[in-house]
Amino acid sequence: GDSVIQMQGQVTLSENDFLFINCTYSTTGYPTLFWYVQYSGEGPQLLLQVTTANNKGSSRGFEATYDKGTTSFHLQKTSVQEIDSAVYYCAMRANTGNYKYVFGAGTRLKVIA
Amino acid sequence: EAAVTQSPRNKVAVTGGKVTLSCNQTNNHNNMYWYRQDTGHGLRLIHYSYGAGSTEKGDIPDGYKASRPSQENFSLILELATPSQTSVYFCASGLGDQDTQYFGPGTRLLVL
């Protein structure tokens with residue numbers, strides 16, 4: 001069935017460190033891929049999305065590339081700041097069948113000043 | 001900007017009691033969703049709707065019912081609440097094919 005895997009439950013970095021959060025997906029066809037960010041006390045909000053395979057999405061210094069070959073959509077940022085501390089969710093929307101959304105388990109990022 | 005509101009924001013219920021969580025959106029989006037959020041599981045889809053009068057089962061519908069009486073409102077109903085339903089519940093709305101989801105602020109439910 002459809003699934004999204006985020007192996008890292010928590011990541012702790014210092015300011016200006018490089019961020020890399022793994023995300024892999026499993027489905028048939030070409031899904032739309034998303035990264036959502038959830039700040040403390042709020043609901044998740046869209047960070048970036050990519051609808052076309054091999055394209056890159058970017059927002060607020062974050063980037064993710066839709067890699068159809070490895071079925072991955074890893075999130076990267078060159079230099080994290082304390083304000084980036086949040087939970088990051090990788091998500092997928094299948095473009096066949098019931099078009100259902102599937103979220104990964106989330107990765108909690110803590111950035112230390 | 002998209003606006004999704006949820007009520008109540010916090011709820012304490014007793015085992016066996018009935019709980020209704022409400023969601024309202026002013027975006028005129030067709031699609032609405034209910035998720036629960038638990039540590040280690042992320043966001044799991046309970047029920048969703050494609051429009052007024054429609055409800056569909058998500059991945060974990062057991063113990064929950066949903067109601068979509070209008071474009072704006074989508075309720076989640078726990079007829080017989082159990083402690084295992086203690087969680088944070090999020091409602092979301094989405095427009096169509098691109099279906100970016102707009103989330104409400106969440107409802108924290110504690111079932112004693």
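Worth knowing before you read on, the calculation uses all heavy atoms, side chains too, and leaves out hydrogens, waters and symmetry mates. In the text below, chain A, chain B and the rest are named by the order of the sequence lines, each starting its count at 1.
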Item checked: Evaluation steps, side chain to side chain contact (heavy atoms under 4.5 Å, CB included), between A/Gln6 and A/Ile21 -> CA-CA 8 Å; A/Gln6 289 178 251; A/Ile21 300 178; 4.2 Å; yes

List the atom pairs, with distances to 0.1 Å, where a side-chain N or O of residues 76-83 of chain A and a protein N or O form a donor-acceptor pair under 3.5 Å, not counting sequence neighbours.
{"residue": "A/Lys77", "atom": "NZ", "partner": "A/Asp84", "partner atom": "OD1", "Å": "3.3"}
{"residue": "A/Lys77", "atom": "NZ", "partner": "A/Asp84", "partner atom": "OD2", "Å": "2.8"}
{"residue": "A/Ser79", "atom": "OG", "partner": "A/Asn16", "partner atom": "OD1", "Å": "3.0"}
{"residue": "A/Ser79", "atom": "OG", "partner": "A/Gln81", "partner atom": "NE2", "Å": "3.4"}
{"residue": "A/Gln81", "atom": "NE2", "partner": "A/Asn16", "partner atom": "OD1", "Å": "3.2"}

Note to self: Out of A/Arg108, A/Gln45, A/Gln38, return the one with the most heavy atom pairs under 4.5 angstrom to chain B.
What the structure shows: A/Gln38

Check: When only pairs under 4.5 Å are counted, which of A/Gly106, A/Gly43, A/Gly9, A/Gly104 shares the most heavy-atom pairs with chain B?
Finding: A/Gly43

Item checked: Neighbourhood of chain A inside residues 51-62 of chain B, taking heavy atoms under 4.5 Å as contact -> B/Asp59

Check: Most heavy-atom pairs under 4.5 angstrom with chain B, which of A/Gly41, A/Pro44, A/Gly1, A/Ala105?
Finding: A/Pro44

Next item on the list: Under 4.5 Å heavy-atom distance to chain A, tell me which part of B/Leu43 shows up: side chain, backbone, both or neither.
Entry: both

Notebook entry, point to check: Should A/Leu75 and A/Leu47 count as side-chain neighbours, where that means a heavy-atom distance under 4.5 Å?
Noted result: yes

Checklist line | B/Lys11 and B/Arg108, any side-chain heavy atoms less than 4.5 Å apart | finding: no

Notebook entry, point to check: Would you say A/Leu46 and A/Phe34 make side-chain contact, with heavy atoms under 4.5 Å?
Noted result: yes

Checklist line | Atom group of B/Gln6 that falls short of 4.5 Å from chain A, counting heavy atoms | finding: neither

Margin query: Measuring only between side-chain heavy atoms, which start at C-beta, is B/Thr107 closer than 4.5 Å to B/Leu76?
Written below: no

Item checked: Chi angles and distances behind the side chain to side chain contact (heavy atoms under 4.5 Å, CB included) call for A/Trp35, A/Phe73 -> CA-CA 9 Å; A/Trp35 278 99; A/Phe73 193 53; 3.3 Å; yes

Next item on the list: Report yes if the side chains of A/Tyr101 and B/Tyr48 come closer than 4.5 Å at any heavy-atom pair, otherwise no.
Entry: no

